[in-house]
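A short worksheet on the structure shown next.
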Amino acid sequence: MFLGVLVIDGNEASARYLAHSLKQKGYGVRICTTARTGFDKACEMMPDCIVCAIDLPDIDGLWVCRRIRMESSDVARTPILFLSDGSDKALRVQALHVGGDAVLDRPVMNEEIVAQVTALVSIARRFKRERDDTPTSTRFAATFRGDLGNFPLSSILMMLEMERRTGTLEVVAKSGKHGVLTLAVGLFVAAEIGNKEAPPVDVLREMLTWRSGRFAFRPCDPAGLPPARGSIGAIVLEAMRLEDEGRNVAG
């Protein structure tokens, strides 16, 4: 099956190096160097994933993401991976708030970008199969599951937020430790780890370190769930920030 990736980056040389790495993995790639041309190409091309630099010469990548998420066509569901210079942490949070699915800080190896693209495309296609194959009236009963080694937890959460999903995400680490995240229309409702309820940021701080294990998302009827407590994107980034600070102090 042909898979297409759109790369939007003002640095054409970097974009071409990344395109070469993506093509080696079998992706078809198109390159744009400005926000406006990138948005137009996304609507025309309907790519399976968009890799977009936040810093662009005409506007910025956040504008591209906002415009794409506002479209009425299927392009609005396209996974978007942002590339950031990492100097502005608040900008990383904003990138997720406008609808980005993941953010990688430069410098980053092209192999890592390709791996993240593959994970996002796989998750998006799984969601699409679920939407297409499950009648709307029974969709809340559908379940999807997978391996954390193939689908990073942060990417799964970003996709659940973008799809405004309601249900429980159960994660079991290779060590056997168990965590559960309850979501309502893509927002956190509750979190627990080791069968004990805890603030979502504390639970995520530990769960994001689990590189291997299994996960399962079970949609449910939103009736009866308590009020949502926060944005997935903001809490994921806060958990990452606290974990980075903890490693720096320990080092």
Side-chain angles (χ1 to χ4, degrees), residues 1-85 91-104 106 110 113-133 136 154-165 185-186 231-233:
M1 180 181 294
F2 178 82
L3 297 173
V5 178
L6 175 62
V7 177
I8 308 172
D9 192 342
N11 186 327
E12 189 171 356
S14 294
R16 291 193 179 281
Y17 283 129
L18 175 57
H20 177 71
S21 297
L22 287 163
K23 288 175 181 177
Q24 286 186 318
K25 293 297 182 179
Y27 292 103
V29 185
R30 297 291 184 271
I31 295 173
C32 293
T33 57
T34 66
R36 289 185 176 86
T37 57
F39 170 71
D40 290 341
K41 179 59 69 174
C43 295
E44 171 195 329
M45 176 185 171
M46 303 289 285
D48 294 278
C49 188
I50 297 170
V51 181
C52 185
I54 293 180
D55 185 21
L56 293 170
D58 55 342
I59 312 178
D60 60 32
L62 305 183
W63 177 87
V64 176
C65 188
R66 288 191 194 96
R67 289 293 306 271
I68 287 173
R69 295 294 182 238
M70 291 171 62
E71 287 294 297
S72 58
S73 68
D74 283 347
V75 74
R77 298 181 182 274
T78 305
I80 298 177
L81 169 61
F82 278 116
L83 300 179
S84 167
D85 66 8
L91 195 60
R92 287 170 56 88
V93 175
Q94 191 177 357
L96 296 177
H97 280 174
V98 299
D101 298 291
V103 183
L104 292 178
R106 285 170 160 164
N110 284 340
I113 298 174
V114 174
Q116 184 69 78
V117 166
T118 299
L120 289 173
V121 169
S122 297
I123 296 169
R125 287 190 168 272
R126 185 171 293 191
F127 279 137
K128 185 177 186 304
R129 284 197 299 271
E130 179 192 324
R131 287 195 306 269
D132 293 346
D133 296 345
T136 302
S154 58
S155 298
I156 298 165
L157 288 168
M158 293 304 104
M159 198 65 67
L160 290 171
E161 181 173 50
M162 184 186 77
E163 293 270 336
R164 297 175 61 80
R165 294 301 183 103
V185 292
S231 158
I232 287 177

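Just so you know, these numbers come straight off a predicted model, no measurement behind them.
- Across all their heavy atoms, Leu120 and Asp101 have their closest contact at CD2-CB, 3.8 Å.
- A salt bridge is absent between Arg67 and Asp60; no separation between the charged side-chain nitrogens and carboxylate oxygens falls under 4.0 Å.
- With sequence neighbours excluded, the residues that form a side chain to side chain donor-acceptor pair (under 3.5 Å) with Arg106 are Asp9.
- Nearest heavy atom pair, residue Val103 against residue Ser84, reads CG1-CB, 3.9 Å.
- Legend: residues meeting side-chain contact (heavy atoms from CB on, under 4.5 Å) with Lys25, ordered by chain and number and at least two apart, are Tyr27, Val114.
- Interatomic distance, CG of Asp74 versus CZ of Arg77, reported as 7.0 Å (0.5 Å rounding).
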Please tabulate, for side-chain N and O atoms in residues 37-53, each donor-acceptor pair with protein atoms closer than 3.5 Å (sequence neighbours left out).
from, atom 1, to, atom 2, distance (Å)
Thr37, OG1, Thr34, O, 3.2
Thr37, OG1, Thr34, OG1, 2.6
Lys41, NZ, Glu44, OE2, 3.4
Asp48, OD1, Arg125, NH2, 2.6
Asp48, OD2, Gly4, N, 2.8

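- With sequence neighbours left out, Asn11 forms a side chain to side chain donor-acceptor pair (under 3.5 Å) with Ser14.
- Of all heavy-atom pairs spanning Phe82 and Cys65, the tightest one is CZ-CB, 3.6 Å.
- Contacts of Ala119 classified as side-chain contact (heavy atoms from CB on, under 4.5 Å), with partners at least two apart in sequence or in another chain: Gln116, Pro152.
- Residues Ile113 and Asn110 form a side-chain contact, since some pair of their non-hydrogen atoms from C-beta on lies under 4.5 Å apart.
- Between atom CG of residue Leu83 and atom CD1 of residue Ile54 there is a gap of 8.0 Å, rounded to the nearest 0.5 Å.
- A side chain to side chain contact (heavy atoms under 4.5 Å, CB included) with His20 is found for exactly one of Gln24, Arg16, Lys23, namely Gln24.
- Counting only distance, with no hydrogens or angles, the side chain of Glu161 and the backbone of Ile232 share a donor-acceptor pair below 3.5 Å.
- If you take CD1 on Ile59 and CZ on Arg66, they are separated by 10.0 Å, rounding to the nearest 0.5 Å.
- By the side chain to side chain donor-acceptor pair (under 3.5 Å) test, Gln94 is found to be paired with no residue, residues two or more places apart in sequence or in another chain being considered.
- Residues Arg69 and Val98 approach most closely at CG-O, 3.8 Å, considering heavy atoms.
- In this structure, Leu62 and Leu91 approach most closely via the heavy-atom pair CD1-CD1, 3.7 Å.
- Pro79 has its side chain out of reach of Ile123: every pair of non-hydrogen atoms, C-beta onward, lies at least 4.5 Å apart.
- Of all non-hydrogen atoms in Gly10 and Leu56, the two that sit nearest each other are N-CD2, 3.6 Å.
- Side-chain N or O atoms of Arg165 include none that pairs as donor or acceptor with a backbone N or O of Gly186 at under 3.5 Å.
- For the side chain to side chain contact (heavy atoms under 4.5 Å, CB included) test with Val117, the passing option among Val7, Leu3, Leu81, Leu18 is Leu81; the others fail.
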